Amino acid sequence: MAKATEQQILDALRTIIDPVAGRDIVTLGMVQGLALNNGNAQFALGIDPAKAQQYEAVRLAAERVVGDLPGIFSATALLTAERAPAAPPAAPRQGPAKISLPTVRSIVAVASGKGGVGKSTTTTNLACALAAKGLKVGLLDADIYGPSQPRLMGITGKPRSPDGKVMEPMRNHGVKVMSIGFLLDDDKPVIWRGPMVVSALQQMLRDVAWGELDILLIDMPPGTGDIQLSMAQTVPLTGSVIVSTPQDIALIDARRGLAMFRRVEVPVFGFVENMSYFACPHCGERTDIFGHGGAAAEAAKLDTDFLGEIPLHLAIRETSDAGTPIVVTDPTSPHSLAYAAIADKVWGKVESILGGGGRTAPRIVMG
Ligand code: ADP
């Protein structure tokens, strides 16, 4: 079956007219964060939150025209606030207020320019590799369109909230995990009627009993739209990692990710090239399907670091889908060592920002 492209999805969405403005929703710039992953299309429609009721019909129509395209298995549209609430007029250089997480020493966003590049799989394996180093690790699945961490981390069930206010994170493979996926029914599509995807994510940061963490990884929603930008502005990120595949197109998207974090002054630790080459599960032979080295060359050009490459390998997909990350089940495999080396680099960068000293260094307060 022919596969729909993002362009075809946008063309289909151009047939939907905003009843309030009288123009199509693409021209109006309402379509945000479009992600296409194995025939599953997801996007948000930015609206005035006060008019959410009026836009339910638009949302349904948008899902229908995209869902009818050849090669699309599912289409999910969310309504989201057009803009984050305006920052107070004072403090023009500061941007929106950041959330405070005093027990979390560092927060690192794992982002990608588009969906399907292996961002979630990379985040899972990095989290487990960091935990294997003896660090206290948390993982927030902020991929609200397709929360996959419950499956990748092999966790089922719902988080407990003994006091009805703060939720306890779930736990597996030595990592504390929170995901919107724990709070939703599997077989119902995610429909955020009230807009506020960003505020839901902030709540998942703030209202979760993370406890003492050395590092909290955030599996970001794919893409570089308003939701990602708001997250980057309001979460006190220590740094970010951008996952990309070697194809040029993906790298163009990755460049957008880099530009977004730089705009909000979040350090970009570097690029990870995923599905870098094909590693044959039978003979181990390496084939550079997409031409190799794109991310490394691009990283050098953009003055950021190349953190490492992960091959396209059946064992990575199988262990991921089974909830038994390869870093945990086969820690000495070359793939696991590659993840561990990337985790080392990420932690090294975090430590250099935190001021070295190692994780057990006491804080000395003078005066
Ligand atoms: P994203 O979070 O970017 O949408 P995922 O991590 O969900 O991407 O990966 C998309 C698919 O590709 C999943 O089925 C995953 O198992 C598979 N995948 C990711 N990385 C690899 C890899 N290095 N080798 C083989 N399969 C991979």
Side-chain angles (χ1 to χ4, degrees), residues 3 6 33-43 73-74 76 109-129 139-154 177 179-181 190 217-225 227-228 240-247 249-251 253-254 256-257 271-282 284 286-290 292 294-295 307-330 333-343:
K3 279 193 184 159
E6 290 185 9
L34 172 61
L36 183 57
N37 188 359
N38 299 328
N40 302 304
Q42 287 139 356
F43 51 94
F73 305 117
S74 76
T76 308
V110 183
S112 64
K114 62 170 195 170
V117 301
K119 168 183 53 60
S120 298
T121 304
T122 306
T123 313
T124 309
N125 279 291
L126 286 183
C128 294
L139 198 175
L140 172 68
D141 182 3
D143 191 343
I144 210 122
Y145 303 119
S148 51
Q149 290 302 342
R151 181 171 47 88
L152 300 183
M153 288 295 293
V177 185
S179 168
I180 197 80
V190 187
L217 293 184
I218 303 188
D219 183 2
M220 292 283 281
T224 49
I227 293 171
Q228 292 81 354
S240 60
V241 169
I242 297 175
V243 180
S244 171
T245 58
Q247 299 101 311
I249 303 286
L251 286 172
D253 290 316
R256 279 196 206 117
F271 287 160
V272 172
E273 187 171 90
N274 188 41
M275 311 195 200
S276 183
Y277 55 90
F278 175 67
C280 174
H282 305 297
R286 165 182 180 138
T287 314
D288 289 333
I289 298 182
F290 301 114
H292 169 248
L307 299 173
E309 59 188 23
I310 305 291
L312 174 67
H313 195 281
L314 186 61
I316 296 177
R317 197 198 60 71
E318 283 180 344
T319 49
S320 257
D321 288 350
T324 52
I326 193 159
V327 161
V328 174
T329 49
D330 193 1
S333 75
H335 313 316
S336 301
L337 297 178
Y339 282 121
I342 296 171

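Whatever order the structure lists ligands and atoms in, that order sets their numbers, starting from 1. None of these values were measured; they are calculated from a predicted model.
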Next on the checklist: I'd like to check the salt bridge (charged side-chain N to carboxylate O under 4.0 Å, His left out) partners of Asp288; sequence neighbours left out, ordered by chain and number.
Outcome noted: Arg286
Checklist entry - N/O to N/O below 3.5 Å, does that happen between Lys119 and ligand 1? => result yes
Checklist entry - Is there a nitrogen or oxygen of Gly116 sitting under 3.5 Å from a nitrogen or oxygen of ligand 1? => result yes
Next on the checklist: Just to be sure I read this right, does ligand 1 sit under 4.0 Å from the backbone of Asn274, its side chain, both, or neither, counting only heavy atoms?
Outcome noted: side chain
Checklist entry - In this structure, which one of Thr122, Thr123, Thr121 forms a side-chain contact (heavy atoms from CB on, under 4.5 Å) with Lys119? => result Thr123
Next on the checklist: Heavy atoms only, cut-off 4.0 Å: how does Ser148 contact ligand 1, side chain, backbone, both, or neither?
Outcome noted: neither
Checklist entry - Considering distance alone, does some N or O of Ser112 sit under 3.5 Å from an N or O of ligand 1? => result no
Checklist outcome for this item: ligand 1 to Ile310, heavy atom cutoff 4.0 Å, flagged ligand atoms 23 (N)
Item to check | Contacting atoms of ligand 1, where contact means under 4.0 angstrom from a heavy atom of Asn37 | outcome: 4 (O)
Checklist entry - Any side-chain heavy-atom pair from Ile310 and Asn274 closer than 4.5 angstrom? => result yes
Checklist outcome for this item: shortest atom 27 (C) of ligand 1-to-protein heavy-atom contact is with Met275 CE, 4.1 Å
Next on the checklist: Is the contact between Leu312 and ligand 1 made by the side chain, the backbone, both, or neither, using heavy atoms and a 4.0 Å cut-off?
Outcome noted: both
Checklist entry - For Val117 and Ser244, what are the C-alpha separation, side-chain angles and deciding distance, and is it a side-chain contact (heavy atoms from CB on, under 4.5 Å)? => result CA-CA 6 Å; Val117 301; Ser244 171; 6.0 Å; no
Next on the checklist: Taking only non-hydrogen atoms of Pro311, do any sit less than 4.0 angstrom from ligand 1?
Outcome noted: yes
Checklist entry - So is there a nitrogen or oxygen of Thr121 less than 3.5 Å from a nitrogen or oxygen in ligand 1? => result yes
Next on the checklist: Among all the protein's heavy atoms, is there at least one whose distance to atom 11 (C) of ligand 1 comes out below 4.0 Å?
Outcome noted: no
Item to check | Part of Asp321 with heavy atoms under 4.0 Å of ligand 1, whether side chain, backbone, both or neither | outcome: side chain
Next on the checklist: Measuring only between side-chain heavy atoms, which start at C-beta, is Asp143 closer than 4.5 Å to Pro222?
Outcome noted: yes
Item to check | Test item: Gln149 side-chain N/O and Ser120 main-chain N/O as donor-acceptor pair under 3.5 Å | outcome: yes
Checklist entry - Distance-only, no hydrogens or angles: does the Glu318 side chain make a donor-acceptor pair with backbone N or O of Ala315 under 3.5 Å? => result no
Checklist entry - Do any nitrogen or oxygen atoms of Leu314 come within less than 3.5 Å of a nitrogen or oxygen of ligand 1? => result no
Checklist entry - At what distance is the nearest protein heavy atom to atom 16 (O) of ligand 1, and which residue and atom is it? => result Arg317 CG, 3.0 Å
Checklist entry - Nearest protein heavy atom to atom 9 (O) of ligand 1, by residue and atom, and its distance? => result Gly118 CA, 3.6 Å
Next on the checklist: For Ser148, is there any backbone N or O sitting under 3.5 Å from a side-chain donor or acceptor partner on Asp141?
Outcome noted: yes
Checklist entry - To the nearest 0.5 Å, how far apart are NZ in Lys114 and CG in Asp253? => result 6.0 Å
Checklist outcome for this item: shortest atom 7 (O) of ligand 1-to-protein heavy-atom contact is with Ser120 CB, 4.2 Å
Checklist entry - Below 4.5 Å, heavy atoms only, C-beta onward: do Thr319 and Thr324 meet side chain to side chain? => result yes
Next on the checklist: Quick check on atom 19 (C) of ligand 1 - does any protein heavy atom sit closer than 4.0 Å to it?
Outcome noted: yes
Taking distance alone, no hydrogens or angles, what donor-acceptor pairs closer than 3.5 Å link side-chain atoms of residues 335-342 to residues at least two apart or in another chain?
| from | atom 1 | to | atom 2 | distance (Å) |
| --- | --- | --- | --- | --- |
| Ser336 | OG | Ile326 | O | 3.1 |
| Ser336 | OG | Asp330 | O | 2.7 |
| Ser336 | OG | Ser333 | OG | 3.0 |

Item to check | Which residue and heavy atom of the protein sit nearest atom 24 (N) of ligand 1, plus the separation | outcome: His313 N, 3.0 Å
Item to check | Interatomic spacing from CG in Asn40 to CZ in Phe73 - rounded to 0.5 Å | outcome: 7.5 Å
